[in-house]
Q: 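Supplied in structure tokens, the structure appears directly below.
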Amino acid sequence: MEDHHHHTATIAHTWLAAMAIAVLPILSVLILAATKQMGRTVFAPPKRREPPVAEGAPLLGVLPAILTRSLQGVICDQYLKLGSVFTLSSLGVKVTFLVGPEVSAHFFHAAESEISIGDVYKVTVPIFGKGVGYDVDNDTRNEQHRFFADTLRPAKLRSHARLMVREVEEYFARWGQSGTVDLKQQVEDVLLLIASRCLLGKEVRDHMHDEVSSLLRELIGGLHLVSLFFPYLPTPAHRRRDRARARLEEIFSGIARLRKSSCSSGRGAGDDGDRDHDMLQGLLDSRYRDGRGTTEAEVTGLLVALLFAGHHTSATVTTWTAARLLRHTEWLHAATEEQRLLQRNDQNDAAAIDYDVLLRMDVLHRSVKEALRLHPVTPMILRRARRPFTVRTQDGSEYEVPEGRMLASPLVVNNLLQGIYRDPDVFDPDRFAAWREEDRVGGDLAYTSFGAGKHACMGEGYAYLQIKVILSHLLRNFELRLLSPFPETENMISMRPKGEVMVSYRRRSLLQ
């Protein structure tokens with residue numbers, strides 16, 4: 001749901017790229033990049049020197065260091081040794097890293113014709129389907145992104161907030177007076193319910209939620225290392241993926257036909273109008289600039305892309321934020337006190353949470369943002385240079401990045417730069433408060449967890465909304481305690497909390 005072009009960037013690019021990287025081994029992406037370059041030679045006149053290349057083993061390059069240490073550790077080492085622009089090489093594949101905002105402008109602001117995302121994520125086509133995402137030309141993809149933007153305007157988000165609150169209240173009403181749960185699993189479950197209501201519509205939520213959730217898991221389970229090189233190979237996992245994809249299209253197409261046929265007769269009995277605000281209806285009503293409407297297959301593909309990518313992102317950030325608050329009691333108390341004050345000020349309904357109240361949750365918002373800084377959902381953002389370009393470092397050095405080179409903006413390093421963030425390893429939501437604003441002081445590319453520049457994520461508001469709905473409900477209604485050790489990161493690919501996140505809860509009678 002990630003790119004940043006000259007058009008208004010949207011939810012799809014940030015979320016799609018985030019999820020694609022999160023489930024694909026980084027080195028495999030690089031190997032794919034190499035295969036695309038095999039067999040062609042780029043002839044160019046002599047130019048400025050290329051970025052320095054990190055030392056490594058013969059042929060294997062930095063691969064042994066990554067396997068024995070970590071990708072983040074290797075990037076940090078080379079940043080300290082070689083500076084903000086350098087290249088890692090392995091198995092003949094070169095990837096140039098751009099560390100920090102001062103060398104990232106072209107990466108984030110250039111047009112697709114110069115810096116491409118589409119070349120990197122073709123592997124998603126069998127999942128999202130033909131005719132959407134990275135199966136279409138850039139102009140068509142931009143129009144499809146506009147569809148998302150149109151359905152994520154503030155007026156739409158207001159109605160989404162109401163539906164989200166309803167789902168969260170109903171879900172956590174199942175908890176007893178006290179108990180122990182795996183919070184990571186609970187968050188994933190409630191977010192699927194929110195997605196069913198807000199994105200897929202009332203029909204799915206009320207009648208097909210379990211089936212759709214199972215089908216989505218089959219889609220995610222169909223993405224393996226072999227998928228990167230041979231996405232259409234008839235493996236058992238790919239067959240399950242394809243069956244799940246076909247069934248989802250059957251479900252969404254059936255709902256679309258029913259909705260279209262009922263337009264002339266008005267809403268059916270018991271319809272509370274939720275369909276007017278769900279993403280499915282928004283996509284059904286969307287039209288391309290030439291006047292044609294979206295097809296049922298396109299609507300299915302766009303919805304699958306949102307669900308596939310967005311659910312992973314929000315679930316990861318929500319769980320990390322909760323774990324951070326439960327570990328840092330001073331911030332847990334601050335976030336809880338904010339909820340108490342909001343309840344006191346909302347005299348008409350002390351328990352109400354709506355769109356306007358969610359916007360006033362400043363401590364909670366900053367806590368989510370800080371958790372995302374420390375635990376980005378993807379280790380890096382990848383692109384490919386379609387044309388050579390020059391990058392200048394802060395010390396005045398200039399490097400020529402050649403055409404065809406894979407590029408990486410490493411969030412796992414950018415988010416911890418000493419020159420931007422004070423005590424960068426410390427969980428400190430106040431760094432984003434109005435009196436500090438460390439990310440703004442560092443410029444518009446200092447904080448890129450939701451993308452930046454021309455491809456800034458249009459889905460950022462939606463993501464914050466559902467995360468804050470869940471966490472505010474938990475803070476208002478339960479006393480929570482982290483029983484597990486503070487989780488480690490699952491790996492440098494998925495970035496999820498590793499293992500179970502066990503939490504004890506005790507229901508509050510009233511937040512005072």
Side-chain angles (χ1 to χ4, degrees), residues 1-22 26 29 33 51 75 79 83-87 95-121 134 138 141-142 145 148-149 309 313 369 372-373 376-394 398-417 419-421 437-461 463:
M1 317 121 170
E2 191 239 304
D3 236 345
H4 324 298
H5 293 347
H6 214 180
H7 66 286
T8 305
T10 69
I11 184 174
H13 267 143
T14 298
W15 281 5
L16 294 184
M19 186 58 187
I21 299 172
I26 294 295
V29 175
I75 297 171
Y79 168 62
S84 57
V85 180
F86 59 87
T87 297
V95 184
T96 294
F97 286 77
L98 305 169
V99 180
E102 73 278 1
V103 295
S104 300
H106 192 66
F107 181 94
F108 284 107
H109 290 292
E112 173 75 10
S113 60
E114 298 183 39
I115 303 292
S116 174
I117 182 178
D119 292 348
V120 180
Y121 300 112
Y134 302 107
N138 190 55
R141 189 161 67 241
N142 288 345
H145 295 162
F148 291 127
T313 301
K369 187 173 182 177
L372 187 56
R373 181 185 70 85
V377 296
T378 176
M380 65 187 67
I381 301 171
L382 297 178
R383 301 285 188 272
R384 180 192 297 282
R386 285 188 168 177
R387 298 178 184 174
F389 67 95
T390 300
V391 59
R392 181 192 293 268
T393 65
Q394 205 165 27
E398 288 190 353
Y399 300 107
E400 182 78 12
V401 179
E403 176 187 350
R405 176 66 54 84
M406 184 71 76
L407 308 171
S409 178
L411 299 182
V412 290
V413 177
N414 292 341
N415 289 358
L416 301 174
L417 291 176
I420 296 175
Y421 300 109
E437 293 188 324
E438 293 181 4
D439 57 324
R440 293 190 180 225
V441 172
D444 66 336
L445 299 180
Y447 186 91
T448 57
S449 293
F450 275 104
K454 295 178 180 179
H455 300 279
C457 177
M458 290 297 294
E460 180 177 355

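Numbers here simply count residues along the sequence, with the first being 1. Just so you know, these numbers use all the heavy atoms, side chains as well, and skip hydrogens, waters and symmetry mates.
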Q: For the CZ atom of Phe108 and the CG atom of Leu98, what is their distance to the nearest 0.5 Å?
A: 9.0 Å

Q: If you measure from OG1 on Thr378 to CG on Leu411, what distance do you get to the nearest 0.5 Å?
A: 6.5 Å

Q: Are there more than 12 heavy atoms of other residues, nucleotides or ligands under 6.0 Å from atom CD of Glu437?
A: yes

Q: Quick check: does any side chain N or O of Arg384 sit under 3.5 Å from a backbone N or O of Ser116, one acting as donor and the other as acceptor?
A: no

Q: Measuring only between side-chain heavy atoms, which start at C-beta, is His106 closer than 4.5 Å to Ile115?
A: yes

Q: Taking Gly100's backbone N and O only, do any of them form a donor-acceptor pair with Asn414's side chain (distance below 3.5 Å, no angle check)?
A: yes

Q: How far apart are the closest heavy atoms of Ala446 and Tyr421, and which atoms are they?
A: O-OH, 3.2 Å

Q: When you compare the side chain of Arg392 with that of Thr390, does any pair of heavy atoms fall below 4.5 Å?
A: no

Q: May I ask you to decide whether Asp439 forms a salt bridge with Lys369, counting only side-chain N to carboxylate O separations under 4.0 Å?
A: yes

Q: Does the plane of the ring in Phe86 sit parallel, tilted or perpendicular to the ring in Phe97? Use 30° and 60° as the thresholds.
A: parallel

Q: Which heavy atom of Arg387 sits nearest a heavy atom of Ser113, and at what distance?
A: NE-O, 3.8 Å

Q: Restricting to non-hydrogen atoms, name the atom on Val99 and the atom on Val413 that form the minimum distance, rounded to 0.1 Å.
A: CG1-CG1, 3.8 Å

Q: Shortest non-hydrogen contact from Pro402 to Ala385?
A: O-CB, 3.8 Å

Q: Using modelled atom types only, decide if a donor and an acceptor are shared between the side chain of Glu112 and the backbone of Ile117 within a distance under 3.5 Å.
A: yes

Q: Rounded to the nearest 0.5 Å, how far apart are CG of Leu407 and CZ of Phe389?
A: 5.0 Å

Q: If we only count heavy atoms from C-beta on, is the Gln394 to Ser84 side-chain gap below 4.5 Å?
A: no

Q: Applying side chain to side chain contact (heavy atoms under 4.5 Å, CB included) to Tyr447 and Ile420, what does each step give before you reach the verdict?
A: CA-CA 9 Å; Tyr447 186 91; Ile420 296 175; over 6 Å; no

Q: Contact between Tyr79 and Leu417 at the side-chain level, heavy atoms closer than 4.5 Å - yes or no?
A: yes

Q: Mind listing the closest non-hydrogen atom pair of Met406 and Arg383 along with its distance?
A: SD-O, 3.0 Å

Q: For Thr393 and Val103, which heavy atoms make the closest approach, and how far apart are they?
A: CA-CG1, 3.9 Å

Q: So how far is it from Phe107 CZ to Ile381 CD1, rounded to the nearest 0.5 Å?
A: 6.0 Å

